[in-house]
Amino acid sequence: PAPKEVQLGSGAFQVGPHTKIFVQLGHQSEDRIAAETLAEEVLDQSGLRLNIQGMKAAAKAEGGAIVLARLQDERVRSFLARNGLNADAEVGEDGYLLFSDKSHLIVAANSGEGLFYGVQTLRQLLRPSEKGLMCPAVGIRDWPSLQQTPSISREIAQSEVSKPRE
C-alpha cells in the first residue's frame, strides 16, 4: 500500500561507497535486522557494501549517512518536525517517518517493527545513479491502517465465535 502522507522535495540523497548506516545503541539488536535488510538491498542494486555502525542517541551522524533512529530521541523528533514530519499519536507504535534531502536520510519509528516498515519503503525508493544509488528528496509519514490492539483482537475473536445451529 502507498504511504499515508508523502511530500516531495528537490534533489536526492546519494548512496555511495563511503555511506554508512547508523543504528542507535540500545536498540541495536532489534534494529539491526532493518539495517541488514537495507545493506543487502544496496549491495544487490549497486554492488556497494555499506558498514552498519552503532550510534549514541545524542550523537550527530556524519553527513552522508543513513540513520535508523527511534522517535523517542528528542533530537530526531525535532529535526523531523522542523522538516514538516510530526511524530504524533497517529504514527503510533508501528508507523514511521522517512526523510531525505541532499545531506540527510533518516528513517525513524517508535518500534523495531515500524523501523522495519520504513526501511521497506526506503528500499522501494532507491534508484541507480552514477555513483551508486540515490533516494529522491522526500518526507513520508506512514502507519498501519489497522493498529492491532488487545481490545480489537478480543472483539474480532468474539465476533468469530460461531453461533449454535438451531
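Model, not experiment: these values are computed from the prediction.
Taking the six-membered ring where the residue is Trp, Phe79 and Phe99 present perpendicular rings, their angle passing 60° and hence far from 30°.
If you run side-chain contact (heavy atoms from CB on, under 4.5 Å) between Gln120 and each of Val107, Thr37, Leu115, only Thr37 comes through.
The CG atom of Leu68 lies 10.0 Å from the CD1 atom of Ile106; values are rounded to the nearest 0.5 Å.
Under the 4.5 Å side-chain criterion, counting only non-hydrogen atoms from C-beta, Ile66 is not in contact with Phe22. Looking at heavy atoms from C-beta onward, Leu122 lies in side-chain contact with Leu105 at the 4.5 angstrom threshold. In this structure the side chain of Met55 reaches within 4.5 angstrom of the side chain of Val67, judged on heavy atoms.
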Using atom types as modelled, flag every donor-acceptor pair under 3.5 Å from a side chain in residues 40-48 to any protein atom, sequence neighbours excluded.
from	atom 1	to	atom 2	distance (Å)
Glu41	OE1	Arg123	NE	3.0
Glu41	OE1	Arg123	NH2	2.8
Glu41	OE2	Gln45	NE2	2.8
Ser46	OG	Val42	O	2.6
Ser46	OG	Leu48	N	3.1

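In this structure, Glu90 does not pair ionically with Lys4, as no charged nitrogen and carboxylate oxygen lie closer than 4.0 Å.
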- Begin from the C-alpha positions of Gln24 and Asp73 and carry the test side-chain hydrogen bond (donor to acceptor under 3.5 Å, both in side chains) through to its verdict. CA-CA 9 Å; Gln24 284 183 323; Asp73 182 336; 2.6 Å; yes

- Item | Stepwise side-chain hydrogen bond (donor to acceptor under 3.5 Å, both in side chains) test for Lys102 and Ser10 | CA-CA 8 Å; Lys102 288 179 182 141; Ser10 62; 5.4 Å; no

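Residue pairs meeting the salt bridge (charged side-chain N to carboxylate O under 4.0 Å, His left out) criterion with at least one partner in residues 110-120, sequence neighbours excluded, do not occur; the list is empty.
Put simply, the side chain of Asn86 never gets that close to the backbone of Asp88: no donor and acceptor are under 3.5 Å apart. Side chain of Lys131 to backbone of Gln14: no donor-acceptor contact under 3.5 angstrom is found. Side-chain atoms of Asn110 come within 3.5 Å of backbone atoms of Gly92 as a donor-acceptor pair (strictly under, hydrogens ignored). The backbone N or O of Ala65 lies less than 3.5 Å from no partner atom in the side chain of Thr19, so there is not a single donor-acceptor pair. Remark: side-chain polar atoms of Arg77 are paired, donor with acceptor, to backbone N or O of Ala87 under 3.5 angstrom.
The aromatic ring centres of Tyr96 and Phe116 sit 6.0 Å or more apart.
Under the 4.5 Å side-chain heavy-atom criterion for grouping Ile, Leu, Val, Met, Phe, Trp and Tyr, Val119 is connected to Phe13 within one hydrophobic cluster.
Contact between Val23 and Ala35 at its shortest, heavy atoms only, is CG2-CB, 3.6 Å.
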